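See structure below.
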Amino acid sequence: VGHVDGHLALIDQTQLPAVLQERQCTTVEQVWESIRALRVRGAPAIGIAAAYGVCVGLQTTSSGDQKALDTRLDEVLRYLASSRPTAVNLFWALDRMRRKAADVRGRMSTAEQRAILLQEAISIHEEDRAMCHAIGRHGASLIRDGQGVLTHCNAGGLATAEYGTALSVLFTAQDEGKKLQVFVDETRPLLQGARLTAWELLDRGIPATLICDSAAAHVMREGKVHSVITGADRIASNGDTANKIGTYALAVLARAHELPFYVAAPSSTFDLSITDGQSIPIEQRPAEEVTEGFGNRTAPENVDVFNPAFDVTPAEYIRAIITERGVIEPVNLQTIAACMAQQKGTQLFSR
Ligand code: MRU
């Protein structure tokens with residue numbers, strides 16, 4: 001931490017909520033494994049970890065050898081890019097590291113280049129923190145005092161540099177004095193809602209009620225929730241949004257109950273290179289996550305399993321996307337392009 005020859009310290013999210021424990025990554029292989037095994041997870045956090053992972057990976061190059069640095073950088077970027085396929089923040093962060101390296105290549109010593117790359121990883125980290133707080137400020141006006149809100153998976157501080165995306169909106173609403181009741185989908189099969197979101201909300205004193213994913217329609221029907229808010233792993237040019245499996249079902253349910261469905265995400269989650277959600281690669285995870293999650297066998301030995309980790313919610317189901325630059329509403333190709341074209345700091349779409 002903090003030095004080119006340091007290491008990456010991560011909260012091991014697989015141990016939560018029982019144990020709050022750090023994992024020290026001293027090799028790029030450990031960073032890769034931490035991403036793949038969801039020790040660090042959530043789209044922005046994956047990008048930040050990968051950026052630091054590049055710095056850790058470059059520690060094996062001997063100083064003064066530009067060719068060795070070039071070769072190793074290429075190898076490390078490719079390797080980290082293979083850790084998980086869906087969250088575009090991973091590729092966005094690796095691309096920033098690649099561009100920064102190209103920028104400074106040959107203009108200074110290899111030691112200085114590595115120091116600049118660490119600085120870039122720190123910038124990615126710090127910018128994410130600022131983006132999360134800005135998302136909260138823009139989104140809090142969508143939540144009214146006394147409302148019930150449903151969220152899915154974990155889009156909180158654990159999934160980002162700090163404060164979160166969807167949860168940042170709720171944290172900010174609470175800071176503004178609004179009383180909330182948050183319904184938390186447990187989020188099968190890895191229980192990010194139960195293990196992480198419930199933990200984060202309780203930690204901040206926000207009333208949280210854990211429900212099985214399959215109870216969402218029922219709580220909507222009973223009038224207990226007034227909106228749904230989730231994070232995102234990748235948003236296509238037209239607003240189609242990939243997020244944790246089950247998000248699409250919630251958006252359809254929200255439509256059926258005439259509730260607004262909101263997505264909160266930083267600009268680093270938008271992938272303007274793809275026209276729609278059909279091109280988003282959906283990660284397939286091991287069958288054991290479904291058949292024997294957390295060590296308890298709950299299905300017959302030879303059953304076939306389909307375990308996609310994400311789904312895509314069509315843009316037409318999304319009332320608004322809350323970004324650090326403001327709220328995009330309605331959600332379509334034009335409004336997204338206009339928001340993404342804005343200079344940082346201008347607030348064209350802000351409420
Ligand atoms: O598989 P995960 O736990 O990495 O999935 C995470 C999500 O789906 C989050 O909602 C998303 O990354 C947004 S995090 C701010």
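Remember, predicted model here, so these are calculated numbers, not experimental data. Whatever order the structure lists them in is the order used to number ligands and atoms, beginning at 1.
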So is [X] close enough to ligand 1, meaning a heavy atom under 4.0 angstrom away?
| X | answer |
| --- | --- |
| P44 | yes |
| N154 | yes |
| R84 | yes |

Checking [X] against [Y]: charged group under 6.0 Å from the ring centre and within 45 degrees of the axis?
| X | Y | result |
| --- | --- | --- |
| R255 | Y317 | yes |
| K224 | F183 | no |
| R129 | Y163 | no |

(Q) Whether R36 and E29 form a salt bridge (side-chain N of Lys/Arg under 4.0 Å from carboxylate O of Asp/Glu) is what I want to check. (A)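 No, no charged N to carboxylate O under 4.0 Å.
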
Q. Got a salt bridge between D74 and R78, using NZ or NE/NH1/NH2 to carboxylate O under 4.0 Å?
A.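 Salt bridge present between D74 and R78.
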
Q.
As an exercise, identify every atom of ligand 1 less than 4.0 angstrom from a heavy atom of Q192.
A.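 Answer, ordered by atom number: 1 (O), 2 (P), 3 (O).
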
(Q) List ligand 1 atoms under 4.0 Å from F310, heavy atoms only on the residue side. (A)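 Per the distance check, 1 (O), 5 (O), 8 (O).
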
Q | Option from Q192, K244, E200 for which side chain to side chain donor-acceptor pair (under 3.5 Å) with N154 holds | A |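 Among Q192, K244, E200, the one that satisfies the side chain to side chain donor-acceptor pair (under 3.5 Å) with N154 is E200.
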
Q: Report yes or no: does S83 contribute a side-chain atom to a donor-acceptor pair with the main-chain N or O of Y79 at less than 3.5 Å?
A: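 It does not hold such a pair.
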
Q | Winner among L38, T165, I46 once heavy atoms are compared against atom 15 (C) of ligand 1 | A |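 Shortest heavy-atom distance from atom 15 (C) of ligand 1: T165.
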
Q: Only heavy atoms count here, so choose which of A45, A159, G42, A232 is nearest to atom 13 (C) of ligand 1.
A: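 Result: the heavy atom closest to atom 13 (C) of ligand 1 is in A232.
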
Can an N or O of [X] be found at a distance shorter than 3.5 Å from an N or O of ligand 1?
| X | result |
| --- | --- |
| A43 | yes |
| T160 | no |
| H152 | no |

(Q) Around atom CD of E258, are there more than 12 heavy atoms from other residues, nucleotides or ligands closer than 6.0 Å? (A)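 At most 12 heavy atoms, drawn from other residues, nucleotides or ligands, come within 6.0 Å of this atom.
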
Q.
Is it the case that atom CZ in R297 sees more than 12 heavy atoms from other parts of the structure closer than 6.0 Å?
A.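 Yes, because the 6.0 Å sphere around CZ of R297 holds more than 12 heavy atoms from other groups.
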
Please write down residue, atom name and distance for the protein heavy atom closest to [atom].
| atom | answer |
| --- | --- |
| atom 3 (O) of ligand 1 | R41 NE, 2.4 Å |
| atom 10 (O) of ligand 1 | N243 OD1, 2.7 Å |
| atom 5 (O) of ligand 1 | K244 CE, 3.3 Å |
| atom 11 (C) of ligand 1 | D233 OD1, 3.1 Å |

Q. In terms of ring plane angle, is the pair H125 and Y52 parallel, tilted or perpendicular, where the classes change at 30° and 60°?
A.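 Geometry flag for Y52 against H125: perpendicular rings.
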
Q) Which bit of C153 gets closer than 4.0 Å to ligand 1, counting heavy atoms only: side chain, backbone, both or neither? A)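 Near ligand 1, C153 shows its side chain, while the N, CA, C and O stay back.
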
